[in-house]
Colleague: 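Quick one: this structure, given as structure tokens, is what I'll be asking you about.
All chains are named by letter (A, B, ...) in the order of the sequence lines, taking the proteins before the strands, and each is independently numbered beginning at 1.
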Amino acid sequence: MACVCSRTRKAAGKAAVAGDRMQEKYPFYEIEPKWQAWWDAQQAFACDTRTTQPKFYCLTMFPYPSGSMHVGHGRNYIMGDVLARYKKMRGFHVLAPMGWDAFGLPAENAAKKNGTHPKSYTYGNIAHMKEQIRSWGVGYDWRREIATCHPDYYRWTQWIFLQFLKMGLAYRREAPVNWCELCTTLANEEVTAEGTCDRCGRPVAKRNLKQWFFKITAYAPRLLDDLSQLQAWPEKVRQMQANWIGRSEGARVQFTITETGDPCPVFTTRPDTIYGVTFMAIAPEHPLLQKLLPGSAQEADVRAFIERQALIPAAERAADATAKEGVFSGFHVTNPYTGGAVPLWVTNYVLMDYGTGAVMAVPAHDQRDFAFARKYQLPVRVVIQNPEAPLTADDMAAAFEDNGTMIDSDQFNGRPNREALRDIIQHGQDQQFAAFTTNYRIRDWLISRQRYWGAPIPVIHCPQCGIVPVPEDQLPVLLPDDVDFQSERGNPLANHDGFRHTTCPTCGGAAERETDTLAQWLCSCWYFLRYVNPRDNTQPFDKADVAHWLPVDQYIGGVEHAVLHLLYSRFVVKVLHDAGWCRYAEPFTALFTQGMICKRADDGKLYKMSKSKGNTVSPDELIANYGADTLRLYTLFIGPPEMDAEWQDAGIQGPYRFLNRLWRRVWETHDLLRAAAGTPPVLAHMARPERDLYRKLHQTIQSVTDAIENGFRFNTAIAQAMELLNALDDLKVTEASSAPAKAVYRATLENLVLLLSPFVPHMAEELWVEMGHQPGVMQAPWPTCEQAALAADTVEVVLQINGKVRGKIELPAGVSREEMEQSALANPQVQKHLAGLTVKKVIVVPGKLVNLAAG
RNA sequence: GCCCGAGUGGCGAAAUGGCAGACGCAUCGGACUUAAAAUCCGAAGACGGGUCACUCCGUCGUGUGGGUUCGAGUCCCACCUCGGGCACCA
């Protein structure tokens, strides 16, 4: 214990201590390492998951070990640490773990470039980043540290894959997939709206490849519906997920090829326009064409068109600006509602992977169909009449997409279109050529990658038995170390004969291992479960423990994961729930997405901190110059935590000065504080100035608590603490002050240290001991607000005339409305402004304000 | 095009419909110092006015234009700019 408190120094004499400790700048370089070591020695953040105390699972998104972090990364961990420390003081048993999302491309690229093995590269980076996190003063239960690249972890990632396979939720198929030259295959979620790779920015092309998918589409309705349970998530994230899942209600209608009778179903949200169909538009990739075309009259034209479209990148073809093009197929389709036939066109504006790849075209009521019809002189047929300005097909300059009255639609004529919509589908359903359908935009999740540095997909391809899962007791399928990274021939794993050749677990014959690895997203989809039982060698996690600790009470991370990690994790947990492994269907009760830290780059513009922009700020130097507490305080003070913020180097001065002032106050008044230790403040004994300070203290306790609890408003919490210190200075307590004044002074500093301890833990620990307490400020209870202390004798009442402030008066607390009104009218300032006016109305806000409406 | 979010001093920002600019940065003035740094005290939205001076007074002011209200940064309507998500999704 002697190592942590300052008693040894004090033994040398108070004067010497004061001289030593009251130096110009507080010695953060001494106290910060000291307390970090003490937290380690005390296992201050160790969490016993078998506890029965109220639990709080505080999780910050774990990082990819890229090598080193900048101050922007720190915001995430610091906020989580503030919350964890605060919850501990509120009596919760807090689980705050940390780990590494350690599979991924940079390690493999480094291997290619420098010859470093991905394993040593990754573990080297982890060691450095762990040191950085430690130097920030962020506390975790490091006994629970995990790295997704460790065989003890990825063994269970592979196990999860096998559960999906068992449940029919993992499958392999050949399909056009997103392809990035560097990152290999990509999930749709990893492709930006511009058609580039989310990770490296290269253009993404479509390639036909045999790949592994997870059937996330089967969970689309639940993933969407359950968003409504996530009330403690940012509205923005829920909307982004809802957009991504993209539900639309409509009908599936069975058209048929007139010439052959082949079915050609469509999905439509506008069956009310079905009597206005004048052609059918299908995607060039539509499989029906391969059946119809051979030997047909238009075959050559159509094939030429299809081949030309195949060469155009998907992003370009999907762009709004791309002109609509098409070619007549030579075939027709029969509309089951009318019995009539319309021509079948192959077009570039219909997407094969949404709906059925075929669209019933209604030029009169759909702008895209309209543009196409005008270009190719196809007929326009109005079936929804505009009640305000009747439409004629020949004169229309644009499609009429609003609501109106149905015409030329058999028995539905005369009805408002929206109202008839259900009946139209019902009619088709009764006649068995249509059905109510819900369509989703989300596609299945592509999870295989042609990369070495990932968890091998645990299946074996047997020429006799087909795809055979690796038996669970043979997991993990280990990643071999001895691979050739210099080879240009694709996935290094595929070139490793020792890995590839194996025997079939079913028939014992020669077989080949799958050489694709799992996308790192799958590794990070379940890590929050593993933290509960990180060293369990018999199962991924313990059901009972996880039932107690999950869902995560507070998850903190960047909004960039809104439709990647956060959607995938929800999906995986739902599947595990269905498999009986998890009791809950949602992993994260509350989510907080922090804003990014930006900085002006050399071009004067503001960018998110990144190595490529050269606008990063390293925490290492700042911690060396100002200390971790100052860096933490500035990071939190910079602005509202959910908003992006601009890092300004000079801004750190404010928090630094504040902490130095706090430090000096405690050390300057060392004797006074010690002497006052035995006498708690008593309201009745206080004179006006100390009662005001005492009230301010309790107001601060109230507002800081509220700021942390409601909305993570750390910036205002810190401002409140600064105000309290300013108020404390104003009181000017000295040795000569009264005993009650000294008691209030001590109580204020003591509580200020407690209130600040989650934010600046090292200084708080040090000052806490200095004020005579046992080490371990986190064991102290969080301050509580005394209602009696909040009461004031007088209130300041604002006097307004027609909403403009004309004076202020001090009145006794609890003053009546009538007294307030009379005092206002009697006020000389008010009378002056009222000269020549008559008061028409008096508004009184009790204890606050009188407004006289006069004219 | 659709759906979110933001717009307040030189800057970061704060304000349950009730004193706009708390808190902090930068700036300026003063004290301390041989000097500087640090620290402490003080000033400060803009424009105009008044006084020897201090206290002071007026007008304007939260992206723009309307509205509701005794009273609007805050609520409503329309619009502008910036950021994010979705988008030939049938």
Colleague: Quick one: on RNA chain B, does A:K804 or A:F267 contact a more 5' nucleotide (nearest heavy atom)?
Modeller: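 The residue whose closest nucleotide sits nearer the 5' end is A:K804.
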Colleague: Is the gap between the ring centers of A:Y656 and A:Y634 under 6.0 Å?
Modeller: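 Ring centroids of A:Y656 and A:Y634 are no less than 6.0 Å from each other.
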Colleague: If you restrict it to nitrogen or oxygen atoms, what contacts under 3.5 Å exist between nucleotides 14-16 of chain B and the protein, and what is each distance?
Modeller:
| residue | atom | partner | partner atom | Å |
| --- | --- | --- | --- | --- |
| B:A14 | OP1 | A:N715 | ND2 | 3.0 |
| B:U16 | O4 | A:K848 | NZ | 3.3 |

Colleague: At under 4.0 Å between heavy atoms, how does the protein contact nucleotides 66-76 of chain B? Give one character per nucleotide, 5' to 3', with B, S or -.
Modeller: ----BS-----
Colleague: Could you go through the side chain to side chain contact (heavy atoms under 4.5 Å, CB included) check for A:F372 and A:F279 one step at a time?
Modeller: CA-CA 10 Å; A:F372 190 85; A:F279 64 101; 3.5 Å; yes
Colleague: Are more than 12 heavy atoms, taken from residues, nucleotides or ligands other than A:K840, located less than 6.0 Å from that residue's NZ atom?
Modeller: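 Check fails, neighbour count at 12 or below.
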Colleague: Counting the atoms with a prime plus P, OP1 and OP2 as sugar-phosphate, which does A:T322 contact under 4.0 Å by heavy atoms, base, sugar-phosphate, or nothing?
Modeller: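 It contacts base atoms.
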Colleague: Using a distance-only test with no angle check, is there a side-chain donor-acceptor pair under 3.5 angstrom linking A:K324 and A:N348?
Modeller: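 A:K324 vs A:N348: no donor-acceptor pair found between side chains.
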Colleague: With rounding to whole Å, what would you report as the distance between B:G24 and B:C82 at their C1' atoms?
Modeller: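 So the two C1' atoms sit 26 Å from each other.
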Colleague: By a strict heavy-atom criterion of less than 4.0 Å, which residues belonging to residues 561-568 of chain A are in contact with RNA chain B?
Modeller: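 Heavy-atom contacts with RNA chain B come from no residue of residues 561-568 of chain A; none.
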Colleague: Under 4.0 Å between any heavy atoms, over every strand shown, what does A:A323 touch: base, sugar-phosphate, or nothing? Just pick one.
Modeller: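 The answer is base, as A:A323 lies within the cut-off (heavy atoms under 4.0 Å) of a base atom.
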Colleague: What's the CD1-P distance between A:I245 and B:G85, to the nearest Å?
Modeller: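 Atom-to-atom, A:I245 to B:G85, this comes out as 17 Å.
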Colleague: Could you state the CD-P distance from A:Q653 to B:G12, rounded to the nearest angstrom?
Modeller: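 My rounded result for the distance is 18 Å.
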Colleague: Is it the case that A:S248 and A:N439 place a side-chain donor and acceptor less than 3.5 Å from each other?
Modeller: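 There is no such pair between these side chains.
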Colleague: Nearest whole angstrom, please: distance from the P of B:G83 to the CE of A:M643.
Modeller: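 Distance check: A:M643 CE to B:G83 P gives 15 Å.
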Colleague: Taking the same atom, C1', in B:G30 and in B:A44, what whole-Å distance lies between them?
Modeller: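 Their C1' atoms lie roughly 15 Å apart.
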Colleague: Rounded to whole angstrom units, what separation is found between the CD atom of A:E401 and the P atom of B:A90?
Modeller: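 Interatomic distance, CD of A:E401 to P of B:A90: 11 Å.
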Colleague: In whole Å, measure the gap between the P atoms of B:G18 and B:C76 for me.
Modeller: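 After rounding to an integer number of Å, I get 15 Å for this pair.
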Colleague: Which label fits B:G49, syn or anti, where anti is any glycosidic angle not within 90° of 0?
Modeller: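 Anti, since the glycosidic angle lies more than 90° from 0.
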Colleague: Within the side chain of A:N615, is there an N or O that forms a donor-acceptor pair under 3.5 Å with the backbone of A:S610?
Modeller: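 The answer is yes, because a donor-acceptor pair under 3.5 Å joins these two groups.
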Colleague: Please report the distance separating the P of B:G29 from the corresponding atom of B:C23, rounded so that it comes out in whole Å.
Modeller: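 It comes out at 23 Å once rounded to the nearest Å.
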Colleague: Determine, for A:R270 against A:D366, whether the closest basic-nitrogen to carboxylate-oxygen distance falls under 4.0 angstrom.
Modeller: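 A salt bridge is absent here (no side-chain N lies under 4.0 Å from a carboxylate O).
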Colleague: Would you say B:C25 has OP1 or OP2 under 4.0 Å from some side-chain N or O of A:R657?
Modeller: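 Yes.
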Colleague: With a 3.5 Å limit on both atom pairs, tell me what B:G5 is paired to, counting Watson-Crick and G-U wobble, or say none.
Modeller: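 Result: B:C82.
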Colleague: For B:C54, which nucleotide is its Watson-Crick or G-U wobble mate, given both distances must be under 3.5 Å?
Modeller: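 Across all strands, not a single nucleotide pairs with B:C54.
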Colleague: With sequence neighbours excluded, what pairs up with A:E796 under the salt bridge (charged side-chain N to carboxylate O under 4.0 Å, His left out) test?
Modeller: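 Partners of A:E796 under the salt bridge (charged side-chain N to carboxylate O under 4.0 Å, His left out) test: none.
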Colleague: For atom C1', what is the distance between B:A20 and B:G71, given to the nearest Å?
Modeller: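 Roughly 14 Å separates the two C1' atoms.
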Colleague: To the nearest angstrom, how far is A:L633 atom CG from B:C25 atom C1'?
Modeller: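 Result: 14 Å.
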Colleague: Is there a donor on the side chain of A:K236 or the base of B:C4 sitting less than 3.5 Å from an acceptor on the other?
Modeller: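 In this structure, the two groups form no donor-acceptor pair.
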Colleague: Side chains of A:N660 and A:Y626: any donor to acceptor distance under 3.5 Å?
Modeller: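 No, because no side-chain N or O of A:Y626 sits under 3.5 Å from a partner of the opposite role on A:N660.
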Colleague: Measuring from A:D729:CG to A:L724:CG, what's the distance to the nearest 0.5 Å?
Modeller: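 Reported to 0.5 Å precision, the distance equals 10.0 Å.
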Colleague: Give the nucleotide from the list B:C4, B:C19, B:A90 with an atom nearest to the side chain of A:Q239.
Modeller: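 Selected nucleotide: B:C4.
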Colleague: What distance, rounded to whole Å, do you find between the two C1' atoms, one in B:G9 and one in B:G61?
Modeller: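 Per the computed distance, 10 Å lies between those C1' atoms.
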Colleague: Using whole Å, what does the distance between atom C1' of nucleotide B:U39 and atom CH2 of A:W663 come to?
Modeller: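 So the CH2-C1' distance, A:W663 to B:U39, works out to 17 Å.
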Colleague: Looking only at atom types and distance, does a side-chain atom of A:R199 sit under 3.5 Å from a main-chain N or O of A:E190, one as donor and one as acceptor?
Modeller: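 Side chain of A:R199 to backbone of A:E190: no pair is present.
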Colleague: To the nearest Å, how far apart are A:M240 CE and B:C3 P?
Modeller: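 These atoms are roughly 17 Å apart.
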Colleague: Under 4.0 Å, heavy atoms only, any strand: does A:D353 hit a base, just the sugar-phosphate, or nothing?
Modeller: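 Result for A:D353 = nothing.
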Colleague: Could you pull out all residues at least two apart from A:R247 that satisfy side-chain hydrogen bond (donor to acceptor under 3.5 Å, both in side chains)?
Modeller: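 side-chain hydrogen bond (donor to acceptor under 3.5 Å, both in side chains) list for A:R247, sorted by chain: A:D225, A:Y440.
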Colleague: Quickly work out the A:E642 CD to B:C4 C1' distance and round it to whole Å.
Modeller: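 Checked: the CD to C1' distance equals 14 Å.
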Colleague: Return yes if some donor-acceptor pair links the side-chain N/O of A:N417 with the main-chain N/O of A:D272 below 3.5 Å, else return no.
Modeller: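 Not confirmed, A:N417 side chain does not pair with A:D272 backbone.
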Colleague: Take atom C1' in B:A26 and the same atom in B:C11, then report the distance between them in whole Å.
Modeller: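 Roughly 7 Å separates the two C1' atoms.
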Colleague: Any donor-acceptor pair under 3.5 Å linking the side chain of A:R443 with the backbone of A:N188?
Modeller: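 Absent.
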Colleague: Taking only the side-chain nitrogens and oxygens of A:R661, find out if one of them lies under 4.0 Å from OP1 or OP2 of B:C40.
Modeller: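 So the side-chain polar atoms of A:R661 do come within 4.0 Å of the phosphate oxygens OP1 or OP2 of B:C40, strictly under.
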Colleague: How far, in whole Å, is B:G21 from B:G10 if one measures between their C1' atoms?
Modeller: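 Pairwise C1' distance, B:G10 against B:G21, rounds to 14 Å.
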Colleague: Enumerate the protein-to-nucleotides 56-58 of chain B contacts in which both atoms are nitrogen or oxygen and the separation is below 3.5 Å.
Modeller:
| residue | atom | partner | partner atom | Å |
| --- | --- | --- | --- | --- |
| B:G58 | OP1 | A:R806 | NH1 | 3.1 |
| B:G58 | OP1 | A:H833 | NE2 | 2.7 |

Colleague: Please name the nucleotide paired to B:G12 by Watson-Crick or G-U wobble geometry with both distances under 3.5 Å, or report none.
Modeller: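 Pairing partner: B:C23.
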Colleague: For the residue pair A:N403 / A:R418, report whether a side-chain donor-acceptor contact shorter than 3.5 Å exists.
Modeller: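 Yes, side-chain donor-acceptor contact under 3.5 Å.
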Colleague: For A:I638, which contact category applies under a 4.0 Å heavy-atom criterion: base, sugar-phosphate, or nothing?
Modeller: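 A:I638: backbone/sugar contact only, no base atoms under 4.0 Å.
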Colleague: Can you find a donor-acceptor N/O pair under 3.5 angstrom joining the side chain of A:Q367 to the base of B:C88?
Modeller: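 Looking at the base of B:C88, it does not pair with any donor or acceptor on the side chain of A:Q367 (distance under 3.5 Å).
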Colleague: Remember a base hit wins even if backbone is also touched, and classify A:R317 as base, sugar-phosphate or nothing at under 4.0 Å, heavy atoms.
Modeller: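 Counting heavy atoms under 4.0 Å across all strands, the contact made by A:R317 includes a base.
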Colleague: Once you apply a heavy-atom cut-off of 4.0 Å, does A:K808 come out as touching a base, just sugar-phosphate, or nothing?
Modeller: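 If one applies the 4.0 Å heavy-atom cut-off, A:K808 turns out to touch a base.
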Colleague: Hey, which of these two, A:N243 or A:E646, hits RNA chain B nearer its 5' end, going by closest nucleotide?
Modeller: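 Result: A:E646.
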Colleague: If you check the A:Q648 side chain, which of B:C4, B:C40, B:C11 turns out closest?
Modeller: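 Shortest atom-to-atom distance from the side chain points to B:C11.
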Colleague: Quick one: pull up CG in A:L567 and CG in A:L223 and give me the separation to the nearest 0.5 Å.
Modeller: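 So the CG of A:L567 and the CG of A:L223 are separated by 5.5 Å.
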Colleague: Using both distances under 3.5 Å as the test, list the Watson-Crick or G-U wobble partner of B:U59, or none.
Modeller: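 Paired with B:U59, as far as the under-3.5 Å criterion goes, is B:A46.
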Colleague: How long is the straight-line distance from CG of A:L693 back to CG of A:D730, given to the nearest 0.5 Å?
Modeller: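 Rounded to the nearest 0.5 Å, the CG-CG separation comes out at 9.0 Å.
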Colleague: What is the nucleic acid contact for A:V842, judged by heavy atoms within less than 4.0 Å: base, sugar-phosphate only, or nothing?
Modeller: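 Contact class for A:V842: none.
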Colleague: Check for a donor-acceptor pair, side chain of A:R632 on one end and backbone N or O of A:F759 on the other, with a separation under 3.5 Å.
Modeller: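 Judged by distance alone, yes, a pair lies under 3.5 Å.
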